[in-house]
There are 2 protein chains.
Amino acid sequence: MKTETRKDEIINTAAKLFKERGYSAVTMRDLASAMGIKAASLYNHIKSKQEILKEIIISLAEEFTQGLELIQQSNTSSIEKIEEVVKLHVNITSQNTYGMASLNNDWMHLEERRDYYLKLRSNYEEELRHIIAEGVKNDEIIDENIEIMLFSILSTLRSLYLWIPKKDYLNPEKLSQQLSTVLVKGINKKIN
Amino acid sequence: MKTETRKDEIINTAAKLFKERGYSAVTMRDLASAMGIKAASLYNHIKSKQEILKEIIISLAEEFTQGLELIQQSNTSSIEKIEEVVKLHVNITSQNTYGMASLNNDWMHLEERRDYYLKLRSNYEEELRHIIAEGVKNDEIIDENIEIMLFSILSTLRSLYLWIPKKDYLNPEKLSQQLSTVLVKGINKKIN
DNA sequence: AAAAAAAACTAACATTTGTTAGTTTGCTTG
DNA sequence: CAAGCAAACTAACAAATGTTAGTTTTTTTT
């Protein structure tokens, strides 16, 4: 665990501001002021405003990709894989709620890396779609519209960054478990 | 159904651009150019950039508030109320996908009306929370963490603006119905 | 203590931004 | 045809923006 560089501090502070106001609304002077320095001083550590955004988003996107690959390799049922995906999102989001806001809302302001990000994202969706489709085939998952199931799960997981900060009394374990229950079993009380 | 004024055209075009890039990244010159006119000409129709955002967001927020009020007055079960809420979101979002992006992502750039918006939103959440809590009390809804159920449903509904444009082959009726199924019953195949 | 490296500073730049003032154009209506 | 109005235009503004150049201060290493 090596100590945080000045560049990391800048990136973390930026992520916080980007979450509150969005990338475009945060100026380099805002960021500098939040760091207690002048705008020009930021450039001793970073190349451009653009680079900050890239660092925030791409590292997170790659973390998700890598996490999902591991889950895919495991030899488990579809439902269990989905539960692992829930854990993956809860864990990454818990550790970086600020960055997740940029990932969700500011990716369009990536320049050179925009296409790379979009590719990672569509691959991710495709893999998750495949997990669900397998579950349907194996009779683990209901034979409803796959796109809707995918959409519902992903929307919930992608919004975690908004809710986790509000209720940090729930630890990631418990949150993952309860979230899986709701996503997988729904909310209705089955009357047998 | 009276015909769209020039101001409405500007607001609709703005909403489209705001969805793509976010409020702060869209300049009055961008907007003018999308309308085929010069930036200064916009000011014959609108008071400020700010006013455009306000019109987009507040009208939608009030539509949701009003819609939920009607649902609350109806004398139906909690699950049925939730199904009606799903319909409400699907219908409003289908009619204004662009505006929904601003509602979700650009509300923080509202100035005078920011607090009013936040109040509408928290009231909305509170009413929905109450519907769920009633359902739990009546044994319609499982006795799980209410915040998590609320969060899961709302996240999905609030993300609809991202998905509806991608699959407009589903009409609002069908989409609402299938979405309700997934949200209420979950995705797992119950083995009785 | 000297040297090297890291991190801050001041000053300035070229653009871009939202907006205003004043004017012109083209349609509609009396 | 004249008057009135809606909607466009040109020109300009002050402020804000990302970034660079060059310099000074502070911290770390030798």
Side-chain angles (χ1 to χ4, degrees), chain A residues 1-58 98 102 105-114, chain B residues 2-58 98 101-102 105-114:
Chain A
M1 202 195 308
K2 84 167 155 208
T3 100
E4 203 178 42
T5 68
R6 198 73 174 129
K7 180 171 177 175
D8 293 334
E9 289 182 59
I10 290 173
I11 290 173
N12 291 336
T13 305
K16 191 169 186 168
L17 297 182
F18 293 169
K19 185 192 174 192
E20 285 166 12
R21 277 172 262 167
Y23 176 75
S24 305
V26 175
T27 71
M28 294 303 274
R29 283 165 182 82
D30 291 337
L31 174 54
S33 152
M35 296 282 302
I37 60 177
K38 291 293 160 70
S41 307
L42 294 169
Y43 289 84
N44 284 317
H45 308 280
I46 51 109
K47 203 168 103 282
S48 63
K49 187 185 180 191
Q50 193 46 215
E51 189 206 14
I52 299 175
L53 186 67
K54 185 197 72 190
E55 299 265 323
I56 293 171
I57 294 182
I58 298 297
Y98 300 140
S102 299
N105 302 319
D106 286 323
W107 58 266
M108 68 283 269
H109 300 117
L110 289 172
E111 290 165 11
E112 317 93 59
R113 289 300 238 275
R114 190 165 173 273
Chain B
K2 82 164 153 212
T3 101
E4 206 179 39
T5 68
R6 197 75 173 127
K7 180 170 178 175
D8 292 334
E9 289 182 58
I10 290 173
I11 290 173
N12 292 336
T13 304
K16 192 169 185 170
L17 298 182
F18 292 168
K19 184 190 173 195
E20 284 165 12
R21 277 173 262 167
Y23 176 75
S24 304
V26 174
T27 71
M28 295 303 275
R29 283 165 183 83
D30 291 336
L31 175 53
S33 153
M35 297 281 303
I37 60 178
K38 291 292 161 72
S41 306
L42 293 169
Y43 290 83
N44 284 319
H45 308 281
I46 50 108
K47 202 167 105 283
S48 63
K49 187 185 180 189
Q50 194 44 217
E51 188 206 15
I52 299 175
L53 186 66
K54 185 198 71 192
E55 298 266 323
I56 293 171
I57 294 182
I58 299 297
Y98 300 140
S102 299
N105 302 319
D106 286 323
W107 58 265
M108 68 283 268
H109 301 117
L110 288 172
E111 290 166 7
E112 317 93 58
R113 290 299 238 277
R114 189 165 174 273

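Each chain gets a letter, A, B and so on, in the order the sequences are listed, and its residues count up from 1.
In this structure, the side chain of B:Lys49 engages the main chain of B:Val26 through a donor-acceptor pair within 3.5 Å. Proximity of a side-chain donor or acceptor of A:Thr13 to a complementary backbone N or O of A:Glu9 within less than 3.5 Å is detected. Between the side chain of B:Gln50 and the backbone N or O of B:Glu111, at least one donor-acceptor pair lies under 3.5 Å.
Between A:Leu31 atom CG and C:dA8 atom C1' there is a gap of 15 Å when expressed in whole angstrom units. Between B:Leu42 atom CG and C:dG18 atom C1' there is a gap of 11 Å when expressed in whole angstrom units.
Residue pairs meeting the side-chain hydrogen bond (donor to acceptor under 3.5 Å, both in side chains) criterion with at least one partner in residues 29-38 of chain A, sequence neighbours excluded, are A:Arg21-A:Asp30, A:Thr27-A:Asp30.
Donor-acceptor pairing under 3.5 Å is recorded for the side chains of A:Thr5 and A:Asp8.
Take A:Tyr23 and apply the ring-ring contact (aromatic ring centres under 6.0 Å, His included) test, not counting sequence neighbours, and it matches A:Phe18, A:His109. Scanning for side-chain hydrogen bond (donor to acceptor under 3.5 Å, both in side chains) contacts around B:Glu20 gives an empty result, with sequence neighbours left out. In this structure B:Lys7 satisfies the salt bridge (charged side-chain N to carboxylate O under 4.0 Å, His left out) test together with B:Glu51, sequence neighbours excluded.
A 3.5 Å limit on both hydrogen-bonding distances identifies C:dA1 as the Watson-Crick or G-U partner of D:dT30.
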Please produce a list of atom pairs where a protein N or O lies less than 3.5 Å from an N or O of nucleotides 4-9 of chain D.
unit_1	atom_1	unit_2	atom_2	d
D:dA8	OP1	B:Arg6	NE	2.9
D:dA8	OP1	B:Arg6	NH2	2.6
D:dA8	OP2	B:Arg6	NE	3.4
D:dA8	OP2	B:His45	NE2	2.9
D:dA8	N7	B:Asn44	ND2	2.4
D:dC9	OP2	B:Lys38	N	2.5
D:dC9	OP2	B:Ser41	OG	3.0

What are the atom names and distances for every N/O pair under 3.5 Å that joins the protein to nucleotides 16-18 of chain D?
unit_1	atom_1	unit_2	atom_2	d
D:dG18	OP1	A:Lys49	NZ	3.0
D:dG18	OP2	A:Met28	N	2.7
D:dG18	N7	A:Arg29	NH1	2.9
D:dG18	O6	A:Arg29	NH2	2.9

